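Below: one structure, written as structure tokens.
Quick caveat: nothing in here was measured; it's all calculated off a predicted structure. Only heavy atoms go into these numbers, but all of them, side chains included; no hydrogens, no water, no symmetry mates. For ligands, and for the atoms within them, numbers begin at 1 and follow the listed sequence.
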Amino acid sequence: MQARQAQVSQVVVTASQMRDIEGRIFAAGMPVAALMEKVAGLISLRVQAVAGSSVGIFVGPGHNGGDALVVARELHFRGYEVWLYSPFSKFKELTSQHLQYAQSLGIKCYHDVEQLPDCDFLIDGLFGFGLERPITDHIAVAINHLNQWGKPILSIDIPSGIHTDTGEVLGTAIRATHTFCLGLWKLAFLQDQALEYIGKAELIDFDIPGADVQAVLGNPPQIKRITSVTALSTLPLPRPAVTHKYKEGHLLLICGSRRYAGGAILTALGARASGVGMLSIAVPESLKPILVSHLPEALIIGCPETETGAIAHLQLPENTDLSSFRAIACGPGLTVDAAPIFPEVINSEISLVLDADGLNILADMGTIPTLEKRQAPTVLTPHTGEFQRLFPDIADPKSDRIKAVQEAAVQSGAVVLLKGARTAIANSQGAIWVNPESTPALARGGSGDVLTGLIGGLLAQAATKEIPVEDIVATAAWWHSQAGILAAQERTELGVDAFTLTQYLMPVIKNLGNN
Ligand SMILES: NC(=O)C1=CN([C@@H]2O[C@H](COP(=O)(O)OP(=O)(O)OC[C@H]3O[C@@H](n4cnc5c(N)ncnc54)[C@H](O)[C@@H]3O)[C@@H](O)[C@H]2O)[C@@H](O)CC1
Ligand SMILES: [K+]
């Protein structure tokens, strides 16, 4: 049972994949009406957990409307006052039958939204994954009207008007306070632009057979949600009983400038929290004392600096070159004046994480031709603005972030992590991880630096193991956001400065009982 839940919670589908999965279930003999009855029964149980005794239910022409009508009937029998609103005159057959039966029970159906009586909450069953074109005319007017009521709205499957795959608003959309996603997570639930319409999201598992999911999505599926199970499986825990510091990875950070000393410290604290065996930090010479005072365990490499206080060139200790390290993380606080060190960094033959000014310098050099020279794995961690500078020829990440990050990874050969409310990570084969939980508390200067250090530290520890780089990057993204969530729970969303965030990384893992 738990294994099934763990599997279902990782799965993400598009509308067409959901339709194919549904088609297989029906072809195998499950009656359509029986499935609707089962699913809507589960929804009505969840609805009853919401306060209120009178409900307005919006009914669409397809099976989303059919679900809504079964819920209406169930709530009616449970003693709720139920009113229906439907602007349609034609319905799919099953939906039409449910409407007829609901009306025979005395449940009123209004065609004009203005006639719908005042009620405690609303249920949206206008459109599900069958929405195929923008909502216009009187339906759009009605949706805008309902949004202004200020009542809780519970959407069935997806808020009506949201594109199931891209999360775009097609014309207009219901702003739900709560959405019950049916069967499997739809892609829109992982697209930033849909989040403010979805409200609190909940999956209603209705026992879709794993074989049907696998037959349609493949094994492993191309898009996966990161969960605590997937994240923990790649963490370097437990450590082997016999080991030593170099076996647990040696990470080189290249970061900081006279102007941005804090970025170097935060990156280093993120790396420290990863548990990495050895940490070396290359900074401009003048930053050395402050780094030493914050990270007494690290080896601080003071480098000659430019007039502006950036690293002028990498001056590694004697008998050391870049191949002495297992991974490099480079960028936070560097300023673009550190560009002259880049050819050496890019030519290194170990895993490389680039962030912040590291990405800006890469964009100036030309992302794709520059990365072609690299043999070892590269990880890029842009936010939307950096992404657009790195990949000016790729479709706007604002309209479909998941497609954009996928294209960027395929074209560049790098593992690309696109930061956002739902951070997405893609590899060069187009496989994607999306982080399904985060907090706006992390929208704060310096939290990205912490992530860069954390990714670098985990990569350095994993360098000799056969864990795909994108899995490690996904784990770091999950860990980082869970620390933000935990910190926000204890300190509010205003209390999660980047330093505080570093202090919550360990408790996340400890809470899971895996120390
Ligand atoms: N996938 C599954 O396994 C299950 C699906 N069920 C429900 O079925 C839904 C999908 O049902 P349908 O395929 O019937 O699709 P929908 O109910 O989402 O809507 C499709 C209907 O809306 C019309 N339509 C689409 N866009 C429109 C627009 N912009 N303006 C006006 N009309 C528009 C179409 O012509 C069609 O009649 C799911 O979202 C879910 O609620 C559940 O009943 C049971 C299980
Ligand atoms: K809906």
- Task: Go through the side-chain N and O atoms of W149 and D118 and say whether any donor and acceptor fall under 3.5 Å apart.
- Result: no

- Does F129, backbone or side chain, put an N or O under 3.5 Å from an N or O of ligand 1? yes

- atom 17 (O) of ligand 1 sits nearest the protein heavy atom N64 N, 2.9 Å

- For ligand 1, indicate whether the residue A40 contacts it via side chain, backbone, both or neither (heavy-atom separation under 4.0 Å). neither

- Task: Determine whether any heavy atom of P134 lies closer than 4.0 Å to an atom of ligand 1.
- Result: yes

- Message: At a threshold of 3.4 Å, where the distance has to be below it, does the K ion (ligand 2) have an N, O or S atom of T179 nearby?
- Response: no

- Query: Is the shortest distance from a heavy atom of P61 to ligand 1 less than 4.0 Å?
  - Reply: yes

- Message: Measuring from non-hydrogen atoms of R19 to any atom of ligand 1, is the shortest distance under 4.0 Å?
- Response: yes

- Output the list of atoms in ligand 1 that are nearer than 4.0 Å to some heavy atom of G128, sorted by atom number. 16 (P), 18 (O), 39 (O)

- Query: What angle, in degrees and rounded to 10°, do you get at the K ion (ligand 2) when you join it to OG of S160 and to O of F127?
  - Reply: 70°

- Message: For a 4.5 angstrom cut-off between non-hydrogen side-chain atoms, does V469 reach N427?
- Response: no

- Has S155 got an N/O/S atom less than 3.4 Å from the K ion (ligand 2)? no

- Query: Where the K ion (ligand 2) is the centre, what is the OD2-to-O angle for D124 and I158, rounded to 10°?
  - Reply: 80°

- Taking C-beta and beyond as the side chain, do L203 and W185 meet within less than 4.5 Å on heavy atoms? yes

- Query: Between Q193 and S399, is there a donor-acceptor pair closer than 3.5 Å when you use the side chain of the first and the backbone of the second?
  - Reply: yes

